[in-house]
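Here the structure is laid out as C-alpha cells; the discussion comes afterwards.
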Amino acid sequence: MNIISNAIDALLACDKKKKQIIIQTSISNNETIEIKISDNGSGIPDEVKHKIFNPFFTTKPVGQGTGLGLSICYQIMEKHHGKISVSSQPRAGTEFLLSLPLKIGVGAAPVILK
Ligand SMILES: Nc1ncnc2c1ncn2[C@@H]1O[C@H](COP(=O)(O)OP(=O)(O)OP(=O)(O)O)[C@@H](O)[C@H]1O
Ligand SMILES: [Mg+2]
C-alpha cells in the first residue's frame with residue numbers, strides 16, 4: 001500500500017498524459033516470489049535515492065508525508081527474509097522490486113489452514 005500510494009503521489013505530481021502503474025508478479029527458480037511495482041511518474045533524483053528508506057525522510061510538503069512509508073516497507077521485508085530495491089530514472093519513472101523467499105530455511109513450520 002505504501003509503495004502504491006507513493007506511485008500515485010508521483011503520478012499526481014507530474015504532467016504526463018498517460019499515467020500508469022504496473023504491478024507484475026513472478027516466481028523465480030521455484031524459490032523466490034518477485035513483485036515489481038512501477039510507475040511512470042516524476043522519478044527519484046539520484047541525490048535522493050540513497051535516503052528514501054530512512055525513517056522520516058520525505059520530499060513532500062509538511063502535513064503531506066511523514067517519511068515513514070518506505071522505512072516500514074523495508075522493515076517488513078527484512079522480517080520476512082526478503083529484499084527491497086529501487087531503480088528510477090528521473091522524470092521517466094520508478095520501479096520497486098520486492099523479493100520474498102517461498103520457504104524460510106529447511107524444515108520451516110508448515111502453515112495449517114483450517
Ligand atoms: N514512486 C515514487 N516516485 C517518486 N518518488 C518516490 C516514489 N516513492 C518514494 N519516493 C520518494 O521517497 C520519499 C520517501 O517515501 P516514503 O513513502 O518513505 O515517505 P513519504 O511518502 O514522503 O511519506 P509517508 O509515506 O510517510 O506519508 C518520498 O518523499 C519521495 O521523495
Ligand atoms: Mg509514502
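As the structure is a computational prediction, the values presented were derived from the model and not from experiment. Numbering of ligands and ligand atoms starts at 1, following listing order.
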Please identify which of these residues, F53, F96, F57, meets the ring-ring contact (aromatic ring centres under 6.0 Å, His included) condition with Y74. F53

Counting from 1, what ligand 1 atoms have a heavy atom of L70 closer than 4.0 Å? 9 (C), 15 (O), 16 (P), 17 (O), 18 (O)

Would you say K83 has more than 12 foreign heavy atoms packed within less than 6.0 Å of its NZ? no

Identify the protein heavy atom lying closest to atom 12 (O) of ligand 1, giving its residue, its atom name and the separation to 0.1 Å. I52 CG2, 3.3 Å

Identity and distance of the protein heavy atom lying nearest atom 17 (O) of ligand 1: N6 ND2, 2.8 Å

Does ligand 1 come near enough to G65 that some N or O of the ligand is less than 3.5 Å from an N or O of the residue? no

Is there a donor in the side chain of N6 and an acceptor in the side chain of K60, or the other way round, less than 3.5 Å apart? yes

Over 12 foreign heavy atoms within 6.0 Å of NZ, K36: no

Return yes or no for this condition: an N or O of T58 is under 3.5 Å from an N or O of ligand 1. yes

Report yes if N2 has an N/O atom closer than 3.5 Å to an N/O atom of ligand 1; otherwise report no. no

Proximity flag D39 to ligand 1, non-hydrogen atoms under 4.0 Å: yes

Take a 6.0 Å sphere around CD of Q89 and say whether it holds more than 12 heavy atoms from other residues, nucleotides or ligands. no

Any N/O/S atom from T58 (main chain or side chain) under 2.8 Å of the Mg ion (ligand 2)? no

Are N40 and L11 packed together at the side-chain level, in the sense that at least one heavy-atom pair is separated by less than 4.5 angstrom? yes

Before signing off on this row, confirm whether L68 and ligand 1 have an N or O atom pair separated by under 3.5 Å. yes

List the closest protein heavy-atom neighbour of atom 27 (O) of ligand 1: residue, atom name, distance to the nearest 0.1 Å. T66 N, 3.5 Å

List the atom of P45, the atom of P90, and the distance in Å for their closest heavy-atom pair. CA-CG, 4.1 Å

G43 near ligand 1 by a heavy-atom separation under 4.0 Å: yes

With heavy-atom distances below 4.5 Å as the criterion, would you say the side chains of T58 and T66 are in contact? no

Top protein contact for atom 31 (O) of ligand 1, by heavy-atom distance: T59 OG1, 2.4 Å

Using distance alone, decide if ligand 1 has a nitrogen or oxygen within less than 3.5 Å of any nitrogen or oxygen in A10. no

What protein heavy atom lies closest to atom 21 (O) of ligand 1? Include the residue and the distance to one decimal. K60 NZ, 2.6 Å

At a 4.0 Å cut-off, with the gap strictly under it, does some heavy atom of G41 reach an atom of ligand 1? no

Considering only heavy atoms of F57, which atoms of ligand 1 have at least one such atom less than 4.0 Å away? 14 (C), 19 (O)

Please tell me if the side chains of I3 and L70 come closer than 4.5 Å, counting only heavy atoms from C-beta onward. yes

Looking at G93 and S88, what are the two nearest heavy atoms and their distance? O-OG, 3.0 Å

Based purely on interatomic distance, does S71 place a nitrogen or oxygen under 3.5 Å from a nitrogen or oxygen of ligand 1? no

Closest heavy-atom approach to atom 23 (O) of ligand 1 among G69, G67, P55 is made by G67

